[in-house]
Every structure is written in structure tokens, then in C-alpha cells.
Engineer: 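Here's a structure for you.
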There are 2 protein chains.
Amino acid sequence: MKLNTKSRYAVMALADMSKFPINNPVSLRDISLRQSISLLYLEQIFLKLKKNEIVKSVRGSNGGYVLKRDPKNIKLSEIFQAVDQKVKTVGCKKDSKKGCNGKSVKCITHELWDELDIYINNFFENKNLSDLLMTKERKN
Amino acid sequence: MKLNTKSRYAVMALADMSKFPINNPVSLRDISLRQSISLLYLEQIFLKLKKNEIVKSVRGSNGGYVLKRDPKNIKLSEIFQAVDQKVKTVGCKKDSKKGCNGKSVKCITHELWDELDIYINNFFENKNLSDLLMTKERKN
DNA sequence: ATATACCCGACTAAAATAGTCAAGTATTAC
DNA sequence: GTAATACTTGACTATTTTAGTCGGGTATAT
Ligand code: FES
Ligand code: FES
């Protein structure tokens, strides 16, 4: 079970952004420098975040990206979904009747993995961007 | 976040075994047939389970593998550890002071991923093989 | 004009995954 | 004692996924 960089960077970049005044465009170049994330990779990530209505873009010089909603209303689960990164614990197709073994019944561990799936998604569902900021403030 | 087949099969195979009398050797061939898992792959997995004292082997004809402990005392976390599959949510080295970005401080999301790590491991820590059987019995 | 910064699809090297293969050894059944 | 069963071990490989990069745009502020 490994978290990939795309999800990790997406959250990292948005967390970086949410430290700035809400209507102030933050350029990817700045995020790239502050967080040491490849600019080209960030561009790829932000196109998806934009398509999924998490940020909006301000083109041209002095432009950048702006959070489309209050950090309080941006759940981690939305961010993950935006960058196409799903939790996948079962071996079978989720909405098929077939099992991971090709048989017509679900395997003996299917329920367990399903439970794990819900459990993990719960974590992302119950965290939002502002939760992140708060832990940070406590520390600094 | 994806669960790999090695962990999935390991648990599946052990769940299969634990349906049989505790001292009755179960051959990998049988598990392979019942659960539709490649025999050669199972062999690889069981060597690790054996090295980690989860099962013991009975060689020769009518041989197979036997659970070394009561299913109640085999936690999923042990199984995962045995097959070398760790949860990895952070980008940095866990016991290094350095961040995932190469800097000398942990990144702004480090705490979050750490929390997620603990959260997921908790799931595995609090489930044992016999829990699996029980959900199955309820259903059948 | 020109510099800045987003836009977008295609491409690729490297790593991880999901197995397979070959060549054994030990034990039991006949 | 020989055949059959079943575990043992290390190496090897195809496929997939990941983690980016590249090239050639377009829009806007100064
Ligand atoms: S994981 Fe769903 S059938 Fe095995
Ligand atoms: S995840 Fe640990 S420093 Fe970024």
C-alpha cells in the first residue's frame, strides 16, 4: 500500500496555496520553488485540479492559481478523485458480481478488503485542507 | 493507494487454511485450486510466511502447510510484514530528519501522511485471521 | 512587444508488480 | 526401493505503473 507522488504533491501544493490570501493568485513556479516539486509535473496536476473545480486559473503575467473554495470546504477525498487516484483494495471489479478469481462468487476475503476500502476513504472524507493548516500552526 | 496481490493472496490463502482442522496439512495445490491462485506464486508467498513463523511446513506426500498458531493470534499486520508489504504514505525516510524534498525539514504535509500511516496500520493491527472466518460464517 | 504564466497532448525512463522457471530435497505410499 | 507428492530456493522476465519530461502552444499584464 503506497501513496503516489501525484496525490502527495497535489495536497502539498494546495496546502501551500491555502496559506495565502484567498484571492491572491499563486504561481506554480513559486509553489515549485517552495515545495521542491517539478514545475512541469505541477502543471499536469493543476490542470486536473482545475477541471475538477478545486482551483481556478488566472492567466498572464502575475497570474497563477486560486482556490475556488474555502480550504474548509475542500476535502482530501475530492483532491484524490481530481487527480484520478483511487483507493483500490479489492482485486475484483467493484460493481461486478464476479470475484477477483474470475469465478461468479466473491472471494473469501472480499468483505475484508471492502471494509478496508471504506475505512481508508473515510480518512480522506473527514479531512479538509484547513485541517492541515491547523496542525501546522500548532507546531510553528 | 493500491493493495498488491502478494498481500491479498497471502491473507486469502491463510484464510482458506484456517477453515481446516489445525493440524491437518493443507497443500498449496489445493489452495491454488480452491482460490484460483497460481501455485508457483503461492510457493513464493508461503516461503516467506514460513520464515516469519506464521506457518510450518510438512514435506513429502500428504504434506502441506499448517498454521503455526491459532488463527485468533495471527494478526493481519504480521502477515503483511511477513510478505514484505509495508504501508508507505510518506515520501521521506521515516527515521531520517530530512524531508521528502531533500531539505532538512519535514514537508508541510508530513504530519498528515504520518497520521494516515498510523491509521491504516491500525486496521491491520486490529484484525486477525479468525475475524475473517467469522464474517464468513455469518453470511453462509 | 515582451515577459510571465497557464494549457495540453504525447512521450519516456525507471521502478514495481505479478508472476514463471529450473533444478532441486524430503517424505510417504505402494 | 521407487514413484509420486509436495515443499525449497534463487534467478529470471513480461507487463504495468509511476514519475516525470518535452514541445509547442495561448492569454494577459506591463
Ligand atoms: S477481492 Fe473481490 S472477489 Fe476477491
Ligand atoms: S512526507 Fe515526510 S517530509 Fe514530506
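A note on names: the letters A, B, ... follow the listed sequences, proteins ahead of strands, and every chain is numbered from 1.
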Engineer: Considering just the side-chain nitrogens and oxygens of S38(A), establish if one lies under 4.0 Å of OP1 or OP2 belonging to dT21(D).
Structural biologist: yes
Engineer: Check every atom of dA19(D), dT17(C), dT20(C) against the side chain of Q44(B) and return the nucleotide holding the closest atom.
Structural biologist: dT20(C)
Engineer: If I take atom CG in residue N4(B) and atom P in nucleotide dA16(C), what distance separates them, rounded to the nearest angstrom?
Structural biologist: 12 Å
Engineer: All N/O contacts under 3.5 Å from nucleotides 4-8 of chain D to the protein, with atom names and distances to one decimal?
Structural biologist:
{"residue": "dT5(D)", "atom": "O2", "partner": "S61(B)", "partner atom": "N", "Å": "3.2"}
{"residue": "dA6(D)", "atom": "O4'", "partner": "G60(B)", "partner atom": "O", "Å": "3.3"}
{"residue": "dC7(D)", "atom": "OP1", "partner": "L28(B)", "partner atom": "N", "Å": "3.4"}
{"residue": "dC7(D)", "atom": "O3'", "partner": "S57(B)", "partner atom": "OG", "Å": "3.4"}
{"residue": "dC7(D)", "atom": "O2", "partner": "R59(B)", "partner atom": "NH2", "Å": "3.4"}
{"residue": "dT8(D)", "atom": "OP1", "partner": "K50(B)", "partner atom": "NZ", "Å": "2.5"}
{"residue": "dT8(D)", "atom": "OP1", "partner": "S57(B)", "partner atom": "OG", "Å": "2.9"}
{"residue": "dT8(D)", "atom": "OP2", "partner": "Y65(B)", "partner atom": "OH", "Å": "2.6"}

Engineer: Over how many whole Å does the gap from K88(B) atom NZ to dT18(D) atom C1' extend?
Structural biologist: 14 Å
Engineer: Which word best sums up how the rings of F80(A) and W113(B) line up, parallel for under 30°, tilted for 30 to 60°, or perpendicular for over 60°?
Structural biologist: perpendicular
Engineer: Got a donor-acceptor contact below 3.5 angstrom from the K2(A) side chain to the N4(A) backbone?
Structural biologist: no
Engineer: Let me see the working for Y41(B) and T5(B) under side-chain hydrogen bond (donor to acceptor under 3.5 Å, both in side chains), right down to the final yes or no.
Structural biologist: CA-CA 10 Å; Y41(B) 203 17; T5(B) 57; 3.2 Å; yes
Engineer: Once you round it to whole Å, what is the distance between P of dT16(D) and NZ of K2(B)?
Structural biologist: 11 Å
Engineer: In whole angstroms, how far is the P atom of dT9(D) from the CG atom of L40(B)?
Structural biologist: 16 Å
Engineer: Heavy-atom distance under 4.5 Å between the side chains of K51(B) and F46(B), does that happen here?
Structural biologist: no
Engineer: Rounding to a whole Å, what distance do you find between D84(B):CG and dG19(C):C1'?
Structural biologist: 16 Å
Engineer: Within the 4.5 Å heavy-atom criterion, are I108(A) and D16(B) side-chain neighbours or not?
Structural biologist: yes
Engineer: Atom CD1 of I45(A) and atom C1' of dG20(D): how far apart are they, to the nearest Å?
Structural biologist: 10 Å
Engineer: Is K94(B) salt-bridged to D117(B), going by a charged N under 4.0 Å from an acidic O?
Structural biologist: yes
Engineer: In this structure, how many angstroms lie between the C1' atom of dA15(C) and the NZ atom of K6(A), rounded?
Structural biologist: 16 Å
Engineer: Roughly, in whole Å, what's the span from OH in Y41(B) to C1' in dG19(C)?
Structural biologist: 6 Å
